[in-house]
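Report on one structure; see the data block that follows.
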Amino acid sequence: MRLSQLFARTLREAPADAEAPSHQLLIRAAFIRRLMAGVYIMLPLGFRSLRKIEEIVRSEMDGAGAQEIRMPILLPSEPWKITGRWQAYGNEMFKLVDRGGRDLGLGPTQEEVVTPLVAAEFRSYRDLPVNLYQVEWKYRDELRPRFGLVRGREFLMKDAYSFDADVEGMRRSYEVMVEAYRRVFDRCSLDYGVVEADSGLIGGDVNHEFLARTAVGEDVFVVCENGDYAADLEAATYQSGDEASDEELAPLTEVATPGRHTVRDVVDFLGQAPSQLLKTLMYRADGSPVAVLVAGDRDVNEHKLGRALGAREVRMFTDDDFAASGLVKGYLGPQSLPADVTIVADRSVRGGRNWITGANQVDQHVTGANEGRDFRVDRWEDVGLVREGDRCPRCGGSLRLERAIVVGHTYQLGTRYSKPLRATFLDETGNEKPYLMGCYGIGISRILAAVAEQHRDDRGLIWPKALAPYQLVVIAANMDQPEVVRTAECLYEKLLSQGHEVVFDDRDVTAGVKFADADLVGYPAQLVVGSRGLRSGTVDLKLRSSGERIQAPIDDAPSAVARLLQEAP
RNA sequence: CGGGCGGUGGCUUAGCCCGGCAAAGCGCCUGCUUUGGGAGCAGGAGACCGGCGGUUCGAAUCCGCCCCGCCCGACCA
């Protein structure tokens, strides 16, 4: 490809609406252009890199025994209504109505398509296991699209679905996929980790996220300083100091706290630490009222709360809920909650004594509140949100919060979909049983952003060979000198014929522009033909990743390029 | 959806407080001069200042409503 013809106009300055480095560089280097929030056009360079990722994923999926199919994006609503996800996905699913008035959706994921498909075709345990995958654009009306390709409303995903006859089989299929995922991310040169995660709307029990470490990322995860624990923030736990305080029990005393209804206001007013206040938060879990108790310096993890309660939907009390219940927002305490409220306390407050908490009246708090004597706890659960510095659940080491981009997520679904959709096979004894399923996603367009985020410097992108749109750029440094142009052209043709993925920068611009663009786009290697070298019969080679420059005789240039590319990461 | 910030030629921005000829750099076109790390000079094209309404003799500027985008948060590959 000649750059004079390539549909790629690089930008000297970052567009104002891009903040993340990967986003800015992908736009500046002419890989992508924004169409609207969370929706991007793939330009030739970006599309080539995206295809490379796709092919890596395909080869590893095929190698792991999965078979590629292609499922529709436009979906009927019925199976979604059966599994409850038509509602559960809510506004995150793009919904439309056809001319006949039927509800349709754009696919955010495809369990509801693949499960009935397999159930209709593979009816016997003899057919199992089977694993089907596709690479297709997905649609989710995200609450907040972010960082360009990192979280789009339209994104390219590889989704695979395994079907097994029993739990052991499902686990084996799962392991095979996890190993394939490791190879995919290794081949993409990603610095990544595997963590325990929350299964969200997909459901199921065991699941893992593959996280690419980045300074900007849509995801927060927790790691132990000793490296023995890592989990997504939504799933992370911590050791709670269970040792009971030996403090003497103080009497329950009301104190006036006029106008002070935030934790900060109250403890400052009373001259105490936030950890001494017992926060009482009202939730509705599948409709039932639940009070959650945590220390004043900790937040509730609603994902963990939902799981602890076995609830599908957990949301905080609205003002209407407060009005209907007669509880006083801002001055809640567990002492006088009605009997129909389930009181859930985070394990970390178990040892605490003499709490400050609300008095259930405006402008009143109490001190000296104690569990057992003054209030009851119906359930002790692990529902606290991990904070920086909490103790590791494995070793007690200090936990740290880091950001990452989730590039893959694997789930052991069990019968989450096969049961409601009545997707069954006949086992050895002739009994109908639901399939044991797994599902496995890789964000392909997201990998493009994650790799850009991890492989760059202040000059631009630094693509690993496996993902670079082209391996090499041949730069003619002096377009006014026919000898230079002729030599560059000749080398370009030769490299092309040898099968290299090479572009020829034959644009009529100054050398500086070409060098800057070559660094910005991030070709792994650059070959520079200029009048300076030509005098001594040489060309210059540069490795983008290390900045290493060498000279090679013109005749030897193609093999020198091949050797240099060998070295490139 | 809540909080914060923003929308002015293709891009980055100034102008907005304090109303009075829409401006600069980059990019683009023409010509000349240049040519190894985003060259120089000269000329040129390109903007109903996000939209609608209001105030005013006069609105990019003031007021109201709406739309769009970015960042933080709640959700996710």
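In what follows, chains carry the letters A, B, and so on, assigned in the order in which the sequence lines appear, proteins first and then strands, with residues in each chain numbered from 1. Keep in mind that the numbers below use all heavy atoms, side chains included, and drop hydrogens, waters and symmetry copies.
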Just jot down the ring-ring contact (aromatic ring centres under 6.0 Å, His included) partners of A:Tyr40, sequence neighbours excluded, or say none.
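With sequence neighbours excluded, A:Tyr40 shows a ring-ring contact (aromatic ring centres under 6.0 Å, His included) to A:His23, given in chain and number order.
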
Separation of atom [atom1] in [X] from atom [atom2] in [N], rounded to whole Å:
X: A:Asn301; N: B:C75; atom1: CG; atom2: C1'; answer: 13 Å
X: A:Asp159; N: B:C76; atom1: CG; atom2: C1'; answer: 14 Å
X: A:Asp198; N: B:C75; atom1: CG; atom2: P; answer: 9 Å

Phosphate oxygens OP1/OP2 of [N]: is one of them under 4.0 Å from a side-chain N or O of [X]?
X: A:Arg144; N: B:C75; value: no
X: A:Arg12; N: B:G27; value: yes
X: A:Thr510; N: B:A39; value: yes

Tell me which nucleotide among [options] gets nearest to the side chain of [X].
X: A:Asp17; options: B:C72, B:G36, B:C70; result: B:C70
X: A:Arg459; options: B:G37, B:C71, B:U35; result: B:G37
X: A:Arg146; options: B:C76, B:C72, B:G37; result: B:C72
X: A:Leu143; options: B:G37, B:G69, B:A74; result: B:A74

Min side-chain heavy-atom separation A:Thr410-A:Asn207 under 4.5 Å:
no

Using a heavy-atom cut-off of under 4.0 Å over every strand shown, decide if [X] touches base, sugar-phosphate, or nothing.
X: A:Ala511; result: sugar-phosphate
X: A:Asp517; result: base
X: A:Gln481; result: nothing
X: A:Arg153; result: nothing
X: A:Tyr440; result: nothing
X: A:Glu92; result: sugar-phosphate
X: A:Gly530; result: base
X: A:Asp480; result: base
X: A:Val513; result: base

[M] and [N], which share atom name [atom1], separated by this distance in whole Å:
N: B:G46; M: B:G10; atom1: C1'; result: 9 Å
N: B:G27; M: B:A39; atom1: P; result: 8 Å
N: B:C21; M: B:U61; atom1: C1'; result: 15 Å

Report yes or no: is the cationic atom of A:Arg48 (NZ for Lys, CZ for Arg) under 6.0 Å from the centre of the six-membered ring of A:Tyr470, at an angle within 45° of the ring normal?
yes

Would you mind checking if A:Glu218 and A:Arg146 are paired as a salt bridge, meaning a charged N to carboxylate O distance below 4.0 Å?
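No salt bridge links A:Arg146 with A:Glu218.
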
A:Arg151 and A:Asp219 ion-paired at < 4.0 Å:
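So A:Arg151 does not pair with A:Asp219 through a salt bridge.
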
For the residue pair A:Thr83 / A:Glu112, report whether a side-chain donor-acceptor contact shorter than 3.5 Å exists.
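There is such a pair between these side chains.
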
Examine the side chains of A:Lys95 and A:Tyr89 and answer whether a donor and an acceptor come within less than 3.5 Å of each other.
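No pair is found: no donor N or O on one side chain lies under 3.5 Å from an acceptor on the other.
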
Would you check if the side chain of A:Lys158 reaches a backbone N or O of A:Arg58 as a donor-acceptor pair within less than 3.5 Å?
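No, the answer is negative, given that no donor and acceptor are paired below the 3.5 Å cut-off.
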
Name every residue in residues 18-42 of chain A that has at least one heavy atom under 4.0 Å from any atom of RNA chain B, in order of residue number, or write none if there are no such residues.
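Heavy-atom contacts with RNA chain B come from A:Glu19, A:Arg28, A:Arg34, A:Ala37.
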
Please list residues of residues 531-546 of chain A whose heavy atoms come under 4.0 Å from any atom in RNA chain B, ordered by number; otherwise none.
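Correct list: A:Ser531, A:Arg532, A:Gly533, A:Asp540, A:Lys542.
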
